[in-house]
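In this text, all values refer to a predicted model and were calculated from it rather than measured experimentally.
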Amino acid sequence: MNEMFENAVFFGVTISLCAYGLGLIMQKKFKIAVFNPLLISIIITMLVLKVGNISYDKYNEGAKYLSYFLTPATVCLAVPLYEKIELLKSNWKAIIAGIVSGVITSLGSILAMAAFFGLDHKEYVTFLPKSITTAIGMGVAEELGGYVTLTVAVIIVTGIFGNVFASAICKIFKITDPIAVGIAIGTASHAVGTARAMEIGETEGAMSSLSIAVAGLITVVGASIFANFM
């Protein structure tokens with residue numbers, strides 16, 4: 001049975017899609033933020049690989065095809081932004097200031113964490129791109145000499161946390177302006193967080209989509225600078 005699964009060409013894709021579909025069903029049924037489809041799919045996939053004694057390499061041979069859709073899916077986030085272009089033009093100064101502040105805060109927090117926990121340089125730069133989309137973060141980590149696979153994991157975890165806790169954090173700090181909410185979510189938790197922003201509202205989703213691209217570009221430059229601090 002194990003060999004049959006491992007030799008199936010699209011085994012990885014099938015498991016990933018089925019697990020994510022189950023996550024969507026659980027989210028709709030229970031309506032609790034912690035039942036995030038991505039988080040559920042990760043847990044289910046890990047259990048299947050562990051119970052079935054299936055190696056990650058075999059799983060990834062089929063699952064890797066899903067990653068081909070990552071870049072075009074990210075580009076599609078420009079659609080809601082285009083629909084809110086006038087809002088962007090009238091608030092561009094505040095928007096840029098918010099994104100820059102978010103990026104500096106993200107990079108600064110990683111620097112502080114690395115100093116506190118005594119991380120070496122390679123471990124430090126691995127965490128720097130944690131808040132940008134995977135397509136950009138992988139390139140940044142590789143360029144800076146970090147652990148690319150670990151960077152991907154950190155980016156996913158960051159996105160899930162943003163997706164699950166974004167609304168609660170905004171309520172705690174009384175952030176109610178749609179533009180501010182969108183910028184905060186997109187800058188801190190990239191595409192996964194943006195999915196949550198789109199659920200909150202059109203403006204939040206549009207601003208979060210913008211943040212992904214702008215924060216990604218700023219982080220590429222900022223990470224290169226911060227990499228020299230340790």
Side-chain angles (χ1 to χ4, degrees), residues 20 23-24 26-43 73-74 76-113 127-134 136-137 153-219 222-223:
Y20 188 82
L24 285 175
M26 294 178 66
Q27 184 184 53
K28 291 180 180 179
K29 181 177 181 179
F30 296 103
K31 300 185 183 301
I32 301 176
V34 73
F35 286 104
N36 179 274
L38 182 58
L39 176 59
I40 296 298
S41 65
I42 291 174
I43 294 174
T74 302
C76 287
L77 292 173
V79 175
L81 176 61
Y82 176 76
E83 295 175 348
K84 298 290 181 179
I85 192 66
E86 293 302 323
L87 189 63
L88 168 61
K89 291 180 179 179
S90 59
N91 296 277
W92 70 271
K93 291 182 180 180
I95 291 172
I96 295 299
I99 296 176
V100 171
S101 299
V103 171
I104 293 176
T105 300
S106 175
L107 296 174
S109 65
I110 294 301
L111 176 61
M113 182 195 73
F127 286 89
L128 284 178
K130 70 175 182 63
S131 291
I132 59 177
T133 185
T134 309
I136 302 176
V154 171
I155 289 175
I156 292 175
V157 171
T158 300
I160 292 175
F161 266 87
N163 187 292
V164 173
F165 297 109
S167 296
I169 291 175
C170 288
K171 289 180 179 178
I172 292 174
F173 291 96
K174 298 181 179 180
I175 303 174
T176 57
D177 182 82
I179 297 178
V181 171
I183 293 299
I185 294 176
T187 303
S189 50
H190 53 84
V192 181
T194 298
R196 177 57 184 154
M198 289 181 171
E199 293 175 0
I200 297 174
E202 292 184 3
T203 300
E204 289 88 343
M207 293 302 105
S208 189
S209 299
L210 170 67
S211 300
I212 295 175
V214 178
L217 294 174
I218 296 176
T219 300

Taken to the nearest 0.5 Å, the spacing of Met207 CE from Ile95 CD1 works out to 4.5 Å
Please tell me if the side chains of Lys130 and Ser109 come closer than 4.5 Å, counting only heavy atoms from C-beta onward.
yes
| task | Before giving the answer on side chain to side chain contact (heavy atoms under 4.5 Å, CB included), spell out for Ile179 and Thr203 the whole-Å C-alpha distance, their side-chain angles and the decisive distance to 0.1 Å. | result | CA-CA 7 Å; Ile179 297 178; Thr203 300; 4.1 Å; yes
Backbone of Gly102 reached by a side-chain donor or acceptor of Ser106 within 3.5 Å = no
>> Using side chain to side chain contact (heavy atoms under 4.5 Å, CB included), reason through Lys89 and Ile85 one step at a time and then give a plain yes or no.
In response: CA-CA 6 Å; Lys89 291 180 179 179; Ile85 192 66; 4.0 Å; yes
Closest non-hydrogen contact found for Ala180 with Ile175 is CB-CG2, 3.9 Å
Pair Glu204, Ile185 - check side chain to side chain contact (heavy atoms under 4.5 Å, CB included), show working. CA-CA 8 Å; Glu204 289 88 343; Ile185 294 176; 5.8 Å; no
Separation between CG (Asn91) and NZ (Lys84), nearest 0.5 Å, reads 12.0 Å
Between the CD1 atom in Ile160 and the CG atom in Asn36, the distance rounded to the nearest 0.5 Å is 5.5 Å
All heavy atoms of Val103 vs all of Thr219, minimum pair found to be CG1-OG1, 3.6 Å
d(Ser209 OG, Met198 CE) to nearest 0.5 Å is 3.5 Å
Step by step, work out the side chain to side chain contact (heavy atoms under 4.5 Å, CB included) result for Asn163 and Leu38. CA-CA 10 Å; Asn163 187 292; Leu38 182 58; over 6 Å; no
What one should report as the nearest heavy-atom pair of Tyr20 and Pro37 is CE1-CB, 3.5 Å
Tell me, do Thr176 and Val181 make a side-chain contact under 4.5 Å, heavy atoms counted? no
Report task. With the side chain counted from C-beta on, respond yes when Ile42 and Ile156 share a heavy-atom pair under 4.5 Å apart, and no when they do not. Result -> yes
Rounded to the nearest 0.5 Å, the OG atom of Ser167 sits from the CD atom of Glu199 at a distance of 8.5 Å
**Study point:** Phe35 atom CZ, neighbour heavy-atom count above 12 within 6.0 Å
**Key:** yes
All heavy atoms of Gly216 vs all of Ile132, minimum pair found to be CA-CG2, 3.7 Å
For the pair Ser90 (side chain) and Leu87 (backbone), establish whether a donor and an acceptor sit closer than 3.5 Å, ignoring hydrogens and angles.
yes
All heavy atoms of Thr194 vs all of Gly205, minimum pair found to be CG2-O, 4.1 Å
Residues, nucleotides or ligands: over 12 heavy atoms within 6.0 Å of Gln27 CD: yes
Nearest heavy-atom contact between Ser211 and Ile183 is OG-CD1, 3.2 Å
Rounded to the nearest 0.5 Å, the OG atom of Ser131 sits from the CD1 atom of Ile212 at a distance of 11.5 Å
